[in-house]
Amino acid sequence: MRNPFDKSSAILLIYTGGTIGMKEDPKTQALVPFDFSQILQEVPELRKFSSRIDSYTFDPLIDSSDVEPSMWVKLAQLIRDKYDSYDGFIVLHGTDTMAYSASALSFMLDNLGKSVIFTGSQLPVGSLRTDGKENLVSAVEIATAKNMRGNAIVPEVSIFFNSQLMRGNRATKVNSSSFDAFRSPNYPTLADAGINIRYHDHAIHYPPILHGPLQIHTTLDTRVAILKLHPGITEQVARNVLLGAGIRAVILETYGSGNAISKPWFLDIVKESAASGRIILNVTQCLAGEVDMGLYATGKALNDAGVVGGCDMTTEGALGKLFYLMGEYSDNEKVKALLAKNLRGEISK
Ligand code: ASP
C-alpha cells in the first residue's frame, strides 16, 4: 500500500543544463536556457502536486557534453547539504552524458535513503511536442512516492525517461533522436509509468541501514582510459593506451563475451600493462549480455594476463566505479577485488 501524494513532502529540482530547460528565442529561433526559477510557469502541471517543489540552478549551466567530475562533486555536496530538508531530488541534466553522471553519483552517494532521479528531454520543455513535461512530472511523482512506513519507494540514483525508471548505473543512451533514448539492457526497470506507475519492488535496492546518515565520497581518481577494440587497431594505439603514462586503469571494450585479439603483440602489451600494476577491466561492446573470460581461448588469455572481468557492467557504470574506487583506495589489488563485487547494484553478481 502506498501513499504517493504525501502532503508534507518537498522535492528539490536541480537544473544543471541541457535541452529540457530551454526554449526558443523568438528573435533568433536559437535554443536558450530559460530562468529555471520560473519552472512553474513553464510547467504549470507541477502546481497540481501537493508537495512543495523548490529549484536550484547550477551556475554556469552546462551542456552535458561539458560535464566534469567536479560537477558530480558539486552535485553530491548539494544533495548532502539539502538532504534533511527534502524527500527526494530530481536532477535535470542533458541526455548526452546523463548515464555517466547517474552512474558516478550512484557510487558517490552512500547509504542513500531517498530518490535521486535524473531526467531530461529530447525536445525543450518550451516546445509544443516536448517530452520534457511528461518526464519531469512522472519523475516528481516517483520522487515523492513513499510506502506506508513513510520511506521512499525508490531510494536509488535512477534515470527516468520515456515512461521508464532505470537504475542509473545500468542505463545507457541508445538513441539520439527518439524519445525512447535510454535502455537498461542488463537489469529490469525499477518502475514503469503507464496509467499507473508500477514499481518493481524485487528490482529496487534498499540501503542496509534505512535511516542511516547519507555519506558522500568526493575523492575521484580519473586516471582511466577506455580502449575500444576494433579490427585494424594498431600496436601503437594499444601500446599508447595500455602503457600510457599517467594511466592507472584501462577499461577494455572487448568483443562479445569478453574476447580480444589473440595476436601475441596484443597479449604481450596487455601482460606488460597488468604486470606494471595497472588495472585492466574487461567490459563488452555489446549492448546486452556479460563478459565471461572462461568461454573462449581469446578471453581466457586476458584472464591469465590479470585482466578483471566486468561481467555485465555498462561502460558508464565501470567508469564511475573505477573513479570512485581509485579515489578511495591507493592499493590497486584492493580496487580489483572490489571491481568484481556488486557495490550499488551495478553488476549481476
Ligand atoms: N546536448 C544536450 C546535452 O546533453 C542534449 C540534451 O540535453 O539532451 O546537454
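Every number for a ligand or one of its atoms is a count from 1 in the order of the listing. Scope of the values below: all heavy atoms of this structure, side chains included, with no hydrogens, waters or symmetry mates.
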Could you go through the salt bridge (charged side-chain N to carboxylate O under 4.0 Å, His left out) check for Arg167 and Glu156 one step at a time? CA-CA 7 Å; Arg167 175 167 297 153; Glu156 292 214 32; 2.8 Å; yes

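The main-chain N or O of Phe323 is never found under 3.5 Å from a side-chain atom of Asp221 such that the two would form a donor-acceptor pair. Although no hydrogens or angles enter the test, the distance criterion places a donor-acceptor pair under 3.5 Å between the side chain of Lys114 and the main chain of Tyr83.
Those atoms of ligand 1 that come under 4.0 Å of a heavy atom in Gly18, given as number and element, are 7 (O), 9 (O). Distances below 4.0 Å separate heavy atoms of Ser64 from the following atoms of ligand 1: 3 (C), 4 (O), 9 (O).
Taking distance alone, with nitrogen or oxygen atoms compared against 3.5 Å, Thr19 approaches ligand 1 more closely than that limit. By the 3.5 Å distance cut-off applied to N or O atoms, Asp96 is counted among the residues near ligand 1. On a distance-only criterion, Asp63 and ligand 1 share at least one N/O pair closer than 3.5 Å.
The minimum heavy-atom distance linking Leu242 with Val270 is given by the pair CD1-CG2, 4.1 Å.
Taking 4.0 Å as the cut-off, Ser121 counts as a neighbour of ligand 1 on heavy-atom distance.
For atom 8 (O) of ligand 1, the closest heavy atom belonging to the protein is Thr95 OG1, 2.4 Å.
A continuous path of ILVMFWY side-chain contacts below 4.5 Å connects Ile117 to Ile153, so both sit in one hydrophobic cluster.
Applying the ring pair (Phe, Tyr, Trp, His ring centres under 6.0 Å) criterion to Tyr15, with sequence neighbours excluded, gives Phe36.
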